[in-house]
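Numbering of residues begins at 1 and proceeds along the displayed sequence. Because only heavy atoms are used, hydrogens play no part in the values below, and waters and symmetry mates are left out as well, while side chains stay in. Just so it is clear, the model here is predicted, and its values are computed rather than measured.
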Amino acid sequence: QVQLAESGGGLVQAGGSLRLSCAASGRTFSGYLVGWFRQAPGKDREFVAAIRWRTGSTVYADSLKGRFTISRDNVKNTVSLQMNTLKPEDTAVYCCAARASSVLDGINKYQPSDYNYWGQGTQVTVSS
């Protein structure tokens with residue numbers, strides 16, 4: 001079992017950048033698909049991006065491509081989400097999630113129910 005903890009959230013002005021980090025404890029991310037989701041007040045949880053730890057393959061929500069970048073750090077055992085050109089509509093609680101992923105498992109896991117492990121989330125607020 002893996003425990004997840006996010007960090008890096010905060011308040012930023014529109015047009016600014018933030019970098020979120022998801023750290024694993026209990027085991028490494030090896031063999032996992034790690035995703036980021038966000039949830040704004042009154043809205044459903046929304047898929048942001050995911051990365052397959054073993055290969056580094058990534059997938060993004062179409063609406064966020066080009067602004068958000070997901071990456072992994074093998075040494076620190078973390079997954080990061082770099083968010084650029086932030087907009088007020090990016091305001092949400094951002095959570096990382098993970099699922100055990102074999103070589104036969106597709107990377108296109110966009111639903112919260114596709115993931116087994118979740119962090120507590122970190123608040124991102126973008127002011128206009």
Side-chain angles (χ1 to χ4, degrees):
Q1 187 169 348
V2 60
Q3 291 83 43
L4 306 177
E6 303 92 342
S7 61
L11 174 64
V12 64
Q13 289 189 333
S17 299
L18 277 177
R19 187 176 183 88
L20 307 182
S21 184
C22 176
S25 61
R27 61 158 295 156
T28 69
F29 276 131
S30 178
Y32 281 80
L33 179 69
V34 182
W36 283 96
F37 287 77
R38 67 184 185 181
Q39 188 166 20
K43 294 189 177 181
D44 292 335
R45 189 167 286 184
E46 176 188 20
F47 174 79
V48 174
I51 186 167
R52 187 191 298 279
W53 186 267
R54 183 179 290 111
T55 62
S57 300
T58 59
V59 63
Y60 294 89
D62 287 341
S63 61
L64 299 176
K65 285 180 181 177
R67 291 198 301 124
F68 288 17
T69 303
I70 190 170
S71 61
R72 72 188 194 292
D73 187 318
N74 292 337
V75 174
K76 295 181 180 179
N77 197 39
T78 58
V79 171
S80 294
L81 183 69
Q82 177 68 40
M83 305 184 295
N84 298 328
T85 318
L86 284 162
K87 305 174 181 180
E89 52 263 43
D90 294 319
T91 295
V93 175
Y94 285 71
C95 294
C96 66
R99 63 175 275 142
S101 178
S102 73
V103 295
L104 299 178
D105 194 26
I107 194 174
N108 299 325
K109 305 299 183 187
Y110 305 130
Q111 300 302 319
S113 57
D114 291 330
Y115 295 80
N116 307 108
Y117 306 104
W118 290 85
Q120 292 297 311
T122 185
Q123 176 70 45
V124 171
T125 302
V126 184
S127 63
S128 58

Handout entry: Listed once per pair and sorted, the salt bridge (charged side-chain N to carboxylate O under 4.0 Å, His left out) pairs that draw on residues 69-79, sequence neighbours left out
Key = none
Problem - Atom pair OG1/CD of Thr125 and Gln13 - distance to nearest 0.5 Å - result: 13.0 Å
Completion exercise
Rounding to 0.5 Å, atoms CG (Leu11) and CG (Leu18) come to a distance of 8.5 Å
Handout entry: Test item: side-chain donor near acceptor, Ser57 and Thr55, under 3.5 Å
Key = yes
Problem - Flag if over 12 foreign heavy atoms under 6.0 Å of CG, Asn108 - result: yes
Problem - Min side-chain heavy-atom separation Tyr115-Leu33 under 4.5 Å - result: yes
Problem - Test item: Val48 and Met83 side chains (from C-beta on) under 4.5 Å apart, heavy atoms - result: no
Handout entry: Same apolar cluster: Leu81 and Val12, side chain cutoff 4.5 Å
Key = yes
Completion exercise
Taken to the nearest 0.5 Å, the spacing of Ser7 OG from Gln120 CD works out to 13.5 Å
Exercise for the section: Decide side-chain contact (heavy atoms from CB on, under 4.5 Å) for Leu86 and Phe68; before the verdict, give the C-alpha distance in whole Å, the side-chain angles of both, and the deciding distance to 0.1 Å. Expected result: CA-CA 9 Å; Leu86 284 162; Phe68 288 17; 4.0 Å; yes
Handout entry: Aromatic ring pairing Phe37/Trp118, orientation class (parallel under 30°, perpendicular over 60°, tilted between)
Key = tilted
Completion exercise
Glu6 and Cys96 have their tightest heavy-atom pair at OE2-N, 2.9 Å
Exercise for the section: Apply side-chain contact (heavy atoms from CB on, under 4.5 Å) to Phe29 and Leu4, showing your working. Expected result: CA-CA 10 Å; Phe29 276 131; Leu4 306 177; 3.6 Å; yes
Exercise for the section: Report yes if the side chains of Arg38 and Thr91 come closer than 4.5 Å at any heavy-atom pair, otherwise no. Expected result: no
Problem - Val34/Tyr117 under side-chain contact (heavy atoms from CB on, under 4.5 Å): CA gap, chis, key distance, verdict - result: CA-CA 9 Å; Val34 182; Tyr117 306 104; over 6 Å; no
Practice task
Can you measure from OG (Ser102) to CZ (Arg52) and round to the nearest 0.5 angstrom?
Solution key: 7.5 Å
Practice task
Considering non-hydrogen atoms only, spot the tightest contact between Gln1 and Arg27 and give its length.
Solution key: O-CG, 3.7 Å
Exercise for the section: Please report the closest heavy-atom contact between Ala49 and Tyr60, naming both atoms and the distance. Expected result: CB-CD2, 3.6 Å
Practice task
Identify the heavy atoms of Arg54 and Ser101 that sit nearest to each other, and give their distance.
Solution key: NH1-O, 3.5 Å
Completion exercise
Closest non-hydrogen contact found for Val2 with Ala98 is CG1-CB, 4.5 Å
Exercise for the section: Flag the pair Thr28 / Trp53 as yes when at least one side-chain heavy-atom distance between them is below 4.5 Å, and no otherwise. Expected result: no
Problem - Verify same cluster id: Trp36, Val126 (apolar side-chain graph, 4.5 Å) - result: yes
Practice task
Grab the two heavy atoms, one from Gly9 and one from Val124, that are nearest each other, plus how far apart they are.
Solution key: CA-CG2, 4.2 Å
Problem - Any donor-acceptor pair under 3.5 Å from Arg45 side chain to Gln111 backbone - result: no
Fill in the blank from the handout: The reported gap from CD in Gln82 to CZ in Arg67 (rounded to nearest 0.5 angstrom) is 12.0 Å
Problem - Residue pairs fulfilling salt bridge (charged side-chain N to carboxylate O under 4.0 Å, His left out) with at least one residue in residues 101-117, sequence neighbours excluded - result: Arg99-Asp105, Asp105-Lys109
